[in-house]
Amino acid sequence: MLQPIAVGHKSLADYTHVAGKPLVEEIRQLAAELEGLKVLHLSATAFGGGVSEILYTLVPLMRDVGIEAEWQVMLGREEFYNVTKLMHNALQGNPQGLTPEQWQVFAKYNELNALELSEGWDVIIIHDPQPAAILQHVPEKGKRWIWRCHIDLSTPNPTVIDRMVPLIRSYDGAVFHLPDYVPDGLDGTPIHICPPAIDPLSPKNMAFSPEDAAYVCDQFGLDVDRPLMCQVSRFDPWKDPMGVIDAYRAVKEKIPNVQLALIGSMATDDPEGWEFFNQTVAHADGDPDVHILNNLNSVGAIEVNAFQSQADVVIQKSTREGFGLTVSEALWKARPFIGGNVGGIPLQVEDGESGYLVGSAQECADRSIAILEDPDLGKRLGRAGKEHVRRHFLTPRLLRDWLRIFATGR
Ligand code: UDP
């Protein structure tokens, strides 16, 4: 049996005041036709990263509107996760491919999970590449299979995507964040474009008073009366925390009292992550105004919320980014935002209107200085960013998109 994940209860009605009545009514109308549909979400993990963040809200909201939705996590061991991490990196463009032995590990765990999968589903949604090969073993266990891709497939390693595409082709549909991410070779497969979304009522995104945010940040040693730049992201080279430190240094030359917080969650069993974390700490070179914190310092959802809410500039200086939930999280808090002009970030930010898109540490520094020196500019950007997120990137919109996909397949 695969591991079921308990998600608690959420009510769509609670979202009406932030997402608007017309959307909530549209959802109810669509859902009325889908009452009792049995939907399984299958993913590789229930902790960390964007996929679990989304499912903890989407699954209870699906249930609230009458879908019999469940979320299960596949079974795996270290040898499998080592392979799927390589695969993930290769699909996002890393030149290192997989050896025949590594492909065998991938196949073995998919087959094992296929046997354990329960039957009788109307729709099985497979999230990301890790469980993508389950379908070929047990197509009869679901009436309809949909592959939900959460990563950037715009420039994949050809040796890996060439083996993934035939797997995806056997699905009844595939869902991507952006048209750019749809790989070649899926001509006969129904494709849906549907970016992810954030939960405005979760502890990470609910409204926090400035005083409460300051109280939390103060406890982590920040001077809440001085300007703060902040990036929240895993310690991963593609998130470019070192570039953020470089940008902060350039800002500090002009605005000496500026501080930087780099917040990143760490997996205890991810040696690569720790190595990069240590490199980032070394790059900060003991600067007392650079605060590098992670979940092992008790930085959970509330603390992430506090840092994002307190920051005078929120940065996501990625050099590659599938979507970047942290972008919508920052904008939803009406913070002035600066992000790398890559992947899903430009979808969320209109350069100069609701934040800035940058290509270098110097550009990031220049925009930060402009924002820190002109609070009215920051307010204007933040307000526009929040309205953009309200219209496009809150979970009720994502729920509506899924219901439309379910409805088209009936
Ligand atoms: N996150 C967190 N604590 C951290 C770092 C990240 O809670 O220390 C959250 C972040 O707020 C976001 C998610 O993890 O909700 C990361 O999703 P995103 O799409 O930004 O990037 P991914 O990690 O999936 O590449």
Side-chain angles (χ1 to χ4, degrees), residues 43-58 84-85 88-89 91-94 127-130 148-153 176-178 181 195-206 208 216-217 220 230-241 244 261-268 270 272-274 276-277 280 291-311 314-333 335 337 339-340 342-349 389 393-395 398:
S43 75
T45 170
F47 171 76
V51 179
S52 47
E53 189 78 20
I54 291 163
L55 292 181
Y56 274 113
T57 296
L58 185 61
T84 55
K85 184 151 195 204
H88 175 105
N89 288 339
L91 287 168
Q92 296 215 104
N94 196 314
H127 290 267
D128 272 350
Q130 299 94 325
R148 194 338 166 196
C149 177
H150 293 266
I151 59 181
D152 175 351
L153 293 184
F176 298 87
H177 297 340
L178 295 174
Y181 295 175
I198 61 163
D199 180 354
L201 305 185
S202 69
K204 185 172 290 171
N205 296 313
M206 67 190 187
F208 227 172
V216 173
C217 292
F220 285 90
C230 174
Q231 173 162 298
V232 175
S233 66
R234 290 179 291 109
F235 285 96
D236 176 313
W238 277 326
K239 307 283 185 183
D240 198 20
V244 179
L262 291 175
I263 315 287
S265 58
M266 303 296 302
T268 43
D270 179 5
E272 237 179 80
W274 277 109
F276 192 67
F277 176 82
T280 309
H291 300 261
I292 303 183
L293 302 168
N294 62 51
N295 48 321
L296 305 181
N297 307 112
S298 307
V299 179
I302 291 282
E303 288 76 15
V304 167
N305 187 338
F307 277 99
Q308 288 171 333
S309 302
Q310 174 74 17
V314 182
I315 295 168
Q316 187 60 60
K317 217 204 131 310
S318 307
T319 52
R320 214 157 236 276
E321 190 61 75
F323 178 72
L325 288 171
T326 50
V327 180
S328 277
E329 289 166 7
L331 296 175
W332 179 244
K333 293 163 187 112
R335 303 325 295 152
F337 175 85
V342 293
I345 299 179
L347 188 67
Q348 300 173 75
V349 179
V389 172
F393 303 116
L394 299 183
T395 321
L398 181 61

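The residues of the chain are indexed from 1 along the displayed sequence. We count ligands from 1, going down the list as the structure has it; atoms in each ligand are counted the same way.
The distance criterion of under 3.5 Å between nitrogen or oxygen atoms is met by K239 with respect to ligand 1. The N/O atoms of F323, backbone and side chain alike, include none that comes under 3.5 Å of an N/O atom in ligand 1. For a threshold of 3.5 Å applied to N or O pairs, the pair formed by R234 and ligand 1 contains at least one separation below that value.
Here the closest non-hydrogen pair linking I198 and W332 is CD1-CB, 3.7 Å.
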Would you sort out whether E321 and Q92 count as a side chain to side chain contact (heavy atoms under 4.5 Å, CB included), showing the intermediate values?
CA-CA 9 Å; E321 190 61 75; Q92 296 215 104; over 6 Å; no
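When atom types are taken as modelled, the side chain of N297 and the backbone of V299 share no donor-acceptor pair closer than 3.5 angstrom.
At least one heavy atom of V232 sits closer than 4.0 Å to an atom of ligand 1. Under a 4.0 angstrom heavy-atom cut-off, A301 registers as lying outside contact with ligand 1. Not a single heavy atom of N295 lies less than 4.0 angstrom from ligand 1.
For Q348, the side-chain hydrogen bond (donor to acceptor under 3.5 Å, both in side chains) partners are S328, not counting sequence neighbours.
Here E329 has side-chain heavy atoms under 4.0 Å from ligand 1, and that is the only part of it that gets that close. Of the heavy atoms in V304, only side-chain atoms (C-beta onward) come closer than 4.0 Å to ligand 1.
When each of E303, E53, Q308 is paired with K204, the side chain to side chain donor-acceptor pair (under 3.5 Å) condition holds for E53 and for no other.
For the residues L325, L296, L293, N205, the heavy atom positioned nearest atom 18 (P) of ligand 1 is part of L325.
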